[in-house]
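In listed order, ligands and their atoms are each counted from 1. Heads up: numbering here begins at 1 and tracks the sequence.
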Amino acid sequence: MSVIEVRNLHKNYGSLQAVDGVDLTIERGEIFAILGPNGAGKTTTVEILEGFRTRNSGEVKVLDFDPQFKGKGARDFRDRIGIVLQATSDAGDLTVAETIHHYAGYYSDPRDANEVIEAIGLGDKKKELVHTLSGGQRRRLDVGLGIVGNPELLFLDEPTTGFDPEARHDFWDLIRGLRDLGTTIVLTTHYLEEAEALADRVAVINRGKILEIGTPANLGDRATSLARVQWESAGIMHEQFTDKPTAAIAKLMHEFDEEIPKLTVSRATLEDIYLKMIEEER
Ligand code: ATP
């Protein structure tokens with residue numbers, strides 16, 4: 001069952017076509033990542049889905065609701081979605097625990113505030129004032145505010161900016177846990193390894209248009225791209241691109257009677273494929 005349906009979405013700012021005919025279907029329970037360079041139209045698209053921006057044309061249904069519609073039912077819509085915006089909001093003079101408890105009060109069926117504080121790894125900071133937190137800790141609090149309402153659909157706009165590697169991995173576990181509970185997650189990120197680690201499907205967007213939608217493993221020609229075999233011989237690194245890396249290594253084993261020095265076999269990463277797609281558009 002689809003949670004988000006977008007058909008032929010257009011949004012312009014004056015003469016700039018920021019979103020230029022986007023079609024999207026996002027299914028319940030999937031993590032869907034939107035990738036694209038700065039200015040591609042990701043935030044504009046996501047904010048239209050969240051109901052923060054109006055569109056010029058196209059059809060948009062989010063949880064069977066038109067997010068642009070502000071009448072009766074709009075509050076119900078807000079109650080069912082969670083949002084982590086790109087910029088952190090000002091929290092005033094409250095502690096971490098007070099902030100989470102306060103936001104929980106806006107929702108009809110919130111998660112337990114203490115559980116949320118533990119889930120975002122701020123248990124030992126709950127009595128600290130928000131303005132004393134580090135940048136990465138602030139960002140975790142933002143994530144906590146996005147999930148405290150127990151949303152069916154969660155929007156994450158560059159959620160892990162400023163996270164240290166360990167916090168990023170903890171965050172990925174948290175997001176996977178939410179997906180396992182049935183939450184649908186729409187994620188924009190510039191970290192390709194984040195999309196690879198989390199997303200069931202990704203859309204690559206450039207200049208307001210979707211270039212491709214696919215799984216991280218199959219995007220572009222990734223699934224069929226050649227393997228790169230690298231090794232060292234006489235102090236020089238060599239490389240070979242092949243669709244039969246096992247045969248290439250078997251041949252190398254005949255040349256070396258011991259370990260093949262500095263042997264690696266690799267395939268195109270999601271980042272390689274993404275950069276190639278964006279370059280081809282230039
Ligand atoms: P980033 O990765 O940098 O966050 P993005 O893909 O989210 O970029 P958007 O913020 O959607 O991109 O912007 C798309 C285009 O629309 C950009 O060229 C931007 O300058 C322009 N734009 C965005 N918001 C406005 C606005 N309120 N008024 C005018 N132009 C805007």
List the closest protein heavy-atom neighbour of [atom]: residue, atom name, distance to the nearest 0.1 Å.
atom                    : answer
atom 27 (N) of ligand 1 : Tyr13 CE2, 3.8 Å
atom 4 (O) of ligand 1  : Gln86 NE2, 3.4 Å
atom 7 (O) of ligand 1  : Thr43 OG1, 2.6 Å
atom 11 (O) of ligand 1 : Thr44 OG1, 2.6 Å

Would you mind listing which atoms of ligand 1 come within a distance below 4.0 Å of any non-hydrogen atom of [X]?
X      : answer
Glu158 : 2 (O), 4 (O)
His190 : 2 (O)
Arg53  : 23 (C), 24 (N)
Leu16  : 15 (C), 16 (O), 18 (O), 21 (C)
Asn38  : 1 (P), 2 (O), 3 (O), 8 (O)

N or O pair under 3.5 Å between Lys42 and ligand 1: yes

Residue-ligand contact Gly36/ligand 1, heavy atom below 4.0 Å: no

contact_flag Glu47 ligand 1 heavy-atom lt 4.0 Å: no

Note, Glu232 side chain near His238 side chain (heavy atom, < 4.5 Å): no

Pick from Gly39, Gly14, Gly41, Ala40: the one approaching atom 17 (C) of ligand 1 most closely through a non-hydrogen atom: Gly39

Without hydrogens or angle criteria, can the side chains of [X] and [Y] be said to hold a donor-acceptor pair below 3.5 Å?
X      : Y      : value
Gln240 : Arg228 : no
Glu194 : Thr160 : yes
Asn218 : Thr215 : yes
Thr25  : Arg7   : yes

More than 12 heavy atoms of other groups within 6.0 Å of Glu166 CD: no

Under-4.0 Å protein heavy-atom contact, atom 20 (O) of ligand 1: no

Phe77 and Phe65 aromatic ring geometry - parallel, tilted or perpendicular at 30°/60° bounds: parallel

Parallel, tilted or perpendicular: ring planes of His102 versus Tyr106, cut at 30 and 60 degrees: perpendicular

Charged tip of Arg168 within 45° of Tyr191 ring normal and under 6.0 Å: yes

